[in-house]
Structure formats: structure tokens, C-alpha cells
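Report on one structure; see the data block that follows.
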Amino acid sequence: MAPRGSRNLVNLEQVQKSYGTRMLLDGVSLGVGEGERVGVVGRNGDGKTTLLRVLTGGEEPDGGRVSHAGGLHLGLLSQVDDLDPAATVGEVVVGDAEVHEWAGDAAVRDVMTGLFGSLDTLDRVVGQLSGGERRRVALARLLVADPDLLVLDEPTNHLDVEGIAWLAAHLASPSRRGKALVVVTHDRWFLDEVATTTWEVAGGQVYAYDGGYSAYVLARAERERVAAFDEARRTNLLRKELAWLRRGPPARTSKPQFRIDAANALIAAEPEPRDSVALMRFASARLGRTVFELDGVTLTTPGEHPRVLLDGLDWILGPGDRLGLVGVNGSGKTTVLRLLAGAHAPAAGRLVTGSTVRLAYLSQEVRELDPALRVLESVEQVSRSVDLGGGRSMTASQLCERFGFTGDKQWTPVGELSGGERRRLQLLRLLMDEPNVLLLDEPTNDLDIETLTALEDLLDGWPGTLVVVSHDRYFVERTTDTVVALMGDGRLTGLVGGVEEYLVRRAQAERATLGISRVPDVVAVAAPAGNGAPAGPKTTDARPAATASAAEVRVARKDLQRVERALERLTTQEGALHGEMAAHSTDYERVAALHAQLRDIAAEKAVLEEQWLEAAERAE
């Protein structure tokens with residue numbers, strides 16, 4: 001819903017849109033108001049991108065009416081960019097201004113460092129960039145322009161977990177108050193951080209739900225229960241995911257304020273997603289004692305100028321271990337998977353692979369499939385049924401159904417499948433081969449949320465060893481029990497706090513590298529109310545004043561930008577705490593604890609404001 005008193009920027013009235021005999025939008029009426037942030041979900045092919053094109057005027061509806069507010073400034077990030085290959089990134093993002101003016105613009109600094117890590121990319125020529133870099137440039141251009149309505153189609157593609165966290169904070173920041181957003185994404189963590197409303201595109205209709213992904217799961221499960229839909233399997237999956245959201249770390253449910261009674265009623269008889277002890281015991285029986293053992297392994301990147309990724313590492317991965325591997329783009333995550341898969345040899349040391357290991361490796365590339373085979377034939381080429389463990393089995397056709405290949409779709413020639421459908425088929429074939437060790441490299445690419453949920457459900461009961469590399473932190477948290485990171489120091493660093501701890505460590509390491517002083521550790525999302533106040537600032541003495549060199553000025557500007565972002569986060573945390581105090585006004589102990597957190601935040605803001613003034617002076 002649009003904020004009360006705001007005007008609608010776009011209205012759709014009884015809109016119809018079809019392709020061939022398939023109706024994608026059938027009498028859809030909806031609107032986007034000022035300040036509204038809408039997340040759009042739905043199965044691949046059900047019309048999400050079509051809805052965006054109709055909404056923005058890129059396509060005319062077959063029936064109905066689309067109207068835009070007068071003077072509307074609209075920005076669209078589509079799946080294909082229109083960037084001039086001869087232009088520099090700076091010219092695309094800002095225009096014809098001088099480079100030093102770009103660097104002096106706080107908005108440009110914020111966006112470029114958030115998406116690229118520095119301002120260095122401004123001087124590069126677009127034609128020399130990779131596809132992922134071009135997409136980030138197109139996104140940067142829109143964010144700098146800051147339109148009234150920002151429409152984004154899969155903006156988290158080609159971003160690592162740090163870039164996604166930055167983008168979420170930027171889009172939800174107080175500085176964009178009054179600006180509207182419509183975003184199509186399969187990244188459920190991102191939806192929870194950004195969206196105030198969720199639209200589900202299904203069966204030619206668009207269903208609207210208040211809140212982000214977690215609230216949407218609850219509301220949709222309630223809707224299907226009340227309507228008594230004959231979709232027992234799908235409803236059970238929703239209840240299972242809702243149970244995980246409710247019982248998991250509090251940070252997963254702090255954004256959408258769950259209706260506790262309704263949620264608990266829906267999941268009353270729902271067991272935990274997986275019995276880790278039982279799975280570990282069964283995995284040990286299937287795998288034996290050894291899976292992977294690294295003995296003094298040194299691993300380097302391929303090529304003429306190799307870079308050390310692992311330096312004399314001793315490490316053991318055992319039966320039933322479920323591991324998430326994170327790191328910035330280019331940190332070597334894929335190379336580590338290739339090492340485990342036996343496709344990349346260590347520069348020194350040795351890798352021991354257990355004799356009972358039956359390994360399957362999902363790479364980022366979609367492997368060649370026989371285009372003449374039908375989908376079901378391609379799956380049955382591997383096996384006609386699969387043992388899922390615990391006495392469960394599934395036929396090839398049933399597994400196809402679970403992954404969205406329903407009815408006649410199972411008889412579609414492989415050559416006619418989309419990229420996302422080929423990815424699903426690749427996953428199916430891997431699972432049909434009954435591996436006991438799975439290595440998954442960015443498995444969420446091109447998969448819609450419903451398919452991701454089905455994959456997570458299968459992995460919940462899968463008794464094997466799992467290693468996942470993914471920028472999708474929701475998927476990592478949902479499917480793994482341990483997270484490790486490549487931090488650039490030749491080790492695999494264990495992260496008790498998961499992806500959130502990784503982001504904090506990365507920020508700390510970057511500050512140490514740049515020699516930035518007196519910046520408190522406030523880069524992480526605040527702990528949910530009731531879990532203790534955020535840690536106080538950690539400071540060091542400022543360096544003596546001296547004539548600033550160009551390099552020192554650049555550092556100071558980056559320092560300034562980071563302090564500004566930290567202040568924005570603290571302001572957001574303050575607002576959330578005030579809301580918590582209002583909701584628990586009769587609970588004295590809770591209010592006192594929340595008030596203590598507010599005092600800590602106020603103290604941190606005071607320190608940050610001093611640092612902002614100091615950084616502003618050094619940046620001049």
C-alpha cells in the first residue's frame with residue numbers, strides 16, 4: 001500500500017496482456033504510490049518482466065489502461081543494457097563533467113564505491129567491461145539519477161554479498177524517502193530488507209501483500225488455508241519455510257513484524273526443516289569417515305601470474321557437513337570448488353578424497369545437453385528414480401514436477417528451454433545420479449523463488465556432504481550449517497555469525513588497509529531488539545594533522561562516505577527501536593532495555609558526527 005496521503009505515480013486499470021494463447025496479465029488493476037517499495041515475485045515465465053514493461057510504458061497493454069503522474073521521472077534497469085561502448089563509465093553514470101568533479105560528488109562516490117569498491121572504474125571504457133560490470137554501470141547510472149520511480153529487473157545479479165547488502169541499505173535509506181521502487185528479484189533476503197509491499201504474479205493475476213518476503217510467506221500460507229486450495233504439497237512447503245523463518249535467528253523475522261498467533265497456528269505440527277543429527281549419522285554410513293582432507297595445501301589461481309588463494313592449509317570436510325563458502329567476486333571460491341572436484345590441482349600439499357565419495361559438481365556454466373531429447377527423457381537418461389534417503393524415493397517424473405516441469409512441459413524438447421529452465425534441468429540430472437557429495441557454484445542463478453524453495457526442501461532431507469558458493473545469503477543460511485570465508489589471507493576463516501559476521505570482518509579489514517581512524521564498528525545490521533545493544537565504538541588516535549596529499553584526500557573522502565552510511569544506518573535503527581518501544585509500552589523491563597540501546601546509539605552517533613566533521617575537513 002502507498003503511504004497515506006501520497007499520490008499514485010503509476011496506475012494500471014483492468015490491464016490485459018497475452019503472448020500467443022497465454023494470458024500473462026488478465027484484468028490487473030494496481031498502483032504504485034510515492035515512497036512505496038514493491039518487491040515482485042513469481043515463477044519464471046509467469047509475467048514478472050512483462051508486468052514491468054507494461055508498468056513503465058515499454059509495452060502497450062492489449063486491453064485496459066496505464067497512466068503515469070504528470071512530470072514523472074522514471075528509471076528502468078532491464079535485463080539488456082543500452083550503454084554506448086565508446087563512452088567512459090563516468091560519462092555514462094554522470095555525463096560530461098570532469099573526473100575530479102565526479103569524485104567530489106557524494107552521491108557518485110557512494111554509488112561507485114558501493115557497487116565497484118572504488119572510483120577507479122569511472123575512467124574505464126564501457127566496451128572493455130564484462131557483462132556483469134556493464135550491468136553494474138547501468139545500475140549506477142540510475143541510482144545517481146535518483147528518479148521518482150525506480151524499476152529494477154533482477155538488480156542483484158552479478159553482485160556479491162557485500163554489493164547486495166550495500167544496495168539494500170541504499171534503497172531503504174532515509175535519503176530516498178518519498179521515492180518509489182518496484183523490483184523483481186529472487187533474492188529473498190534482499191526482498192525482506194527493501195520491500196514494504198510484495199506482489200505475486202501468478203495465473204494472470206497480481207496478488208498484493210503487505211511487507212517483505214517473510215510476511216508474504218505467512219500471508220500466502222494463510223490465504224491458501226482459508227481458501228482450502230487443493231495444493232497440499234505447495235501449502236506444506238510454505239508452512240515449512242514459515243517454520244524456518246519463525247524459529248531461525250531473530251534477524252530473519254525482525255523486519256516484517258509477524259503476527260505471532262497466526263504464524264504459530266500454521267506451523268503448530270511442522271517439524272524442524274531437517275534433523276541434523278539423524279542426517280549426519282546416515283551420511284556417515286553412506287560416506288565413511290573421510291570426505292575431503294587438505295594436508296598443507298597451497299592453491300593458486302590459473303594463468304601466467306598466479307595469485308595465492310590457500311597457503312599451506314590443513315582442513316577437513318566430513319560426512320554430513322553442510323558448508324557455505326563466501327568471499328568477494330574474484331576471491332577464488334570457484335577455484336576452491338574445482339580443487340575439491342579434482343578439476344584443479346594444488347600448487348603444493350595434497351588433497352585426500354574419500355574412497356566412498358560419489359561427487360556431483362554444479363558449475364556456473366550450463367553444460368551441453370542433447371537438444372533433441374525431451375525434458376523427461378533427459379532426466380531418465382541418468383536414472384528413472386532417485387533414493388532421497390530415510391526410506392524416501394522419487395521417480396524422474398515426480399522430481400520434474402517438483403522443479404516446475406509439470407504436465408506437457410516434461411515433453412518439451414531441451415533445445416526449446418530458456419536459460420533458467422536449462423539450469424533447473426542441470427540440477428535435476430545431478431540429483432538423479434544420487435551423489436553423496438554436492439558442490440554447488442551459484443545454484444540460485446536463473447531460478448525463481450518457488451524452484452529455490454523446492455530445491456531447499458529436497459536438500460533438507462538429503463544425507464550427504466554439501467558445499468555451497470552463493471551470493472544469495474538466504475539460500476546459504478537455509479541450506480548450510482556452517483559458513484567459512486576466503487578473506488585473502490590464505491586461510492578458510494570460520495564465521496560463527498554467518499554472512500553478517502563476514503560483512504563486518506570485510507569492513508574492518510578494509511578500514512585497516514586504508515589506515516582509516518576512529519570509525520566505529522556499526523557496519524553490521526543492528527541486533528534485533530531484546531538481544532542486547534550494539535557494540536560500542538572502537539577508536540584509535542587520529543593521525544597528526546599534515547598537508548594532505550592527493551592519496552590522503554581520496555582516503556578522507558572514502559572515510560567521509562562510510563561515516564555518512566553508518567549514520568544513516570544508526571538513524572534507521574533509532575526509528576526501529578522507537579517503534580519497538582511503542583509496541584511494548586506496558587512492558588517496563590523491555591522498554592528499559594530498548595532505552596539503553598537508544599542511549600548507546602546516541603553515543604555512537606555523537607562519535608560519528610565528530611568523525612564526519614574531521615573527515616570533511618581532510619577531504620577539502
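Only a predicted model underlies this, so the values are computations on that prediction, with no experimental measurement involved.
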### Message
Any heavy-atom pair between the side chains of Val41 and Leu191 that's under 4.5 Å?
### Response
yes

### Message
With heavy-atom distances below 4.5 Å as the criterion, would you say the side chains of Arg322 and Thr482 are in contact?
### Response
no

### Message
Salt bridge check, Arg478 against Asp460: does any charged N sit closer than 4.0 Å to a carboxylate O?
### Response
yes

## Note on the structure
Only residue of Thr356, Val467, Val357 satisfying side chain to side chain contact (heavy atoms under 4.5 Å, CB included) with Val291 is Val357

### Query
Between Ser130 and Glu133, is any side-chain donor less than 3.5 angstrom from a side-chain acceptor?
yes

### Query
Is there a donor in the side chain of Thr465 and an acceptor in the side chain of Asp321, or the other way round, less than 3.5 Å apart?
no

### Task
Please name all residues satisfying salt bridge (charged side-chain N to carboxylate O under 4.0 Å, His left out) with Glu154, sequence neighbours left out, ordered by chain then number.
none

### Task
For the residue pair Ser397 and Gln410, confirm or rule out a side-chain donor-acceptor distance under 3.5 Å.
yes

### Query
When you measure from the centre of the six-membered ring of Tyr209, is the NZ or CZ of Arg220 under 6.0 Å away and within 45° of the axis?
no

### Message
Is there a side-chain contact between Arg135 and Leu77 in this structure, where contact means two heavy atoms from C-beta onward sitting under 4.5 Å apart?
### Response
yes

### Aromatic ring proximity Tyr474/Tyr213, centre distance under 6.0 Å
yes

### Query
Leu115 versus Leu139: any side-chain heavy-atom pair under 4.5 Å?
yes

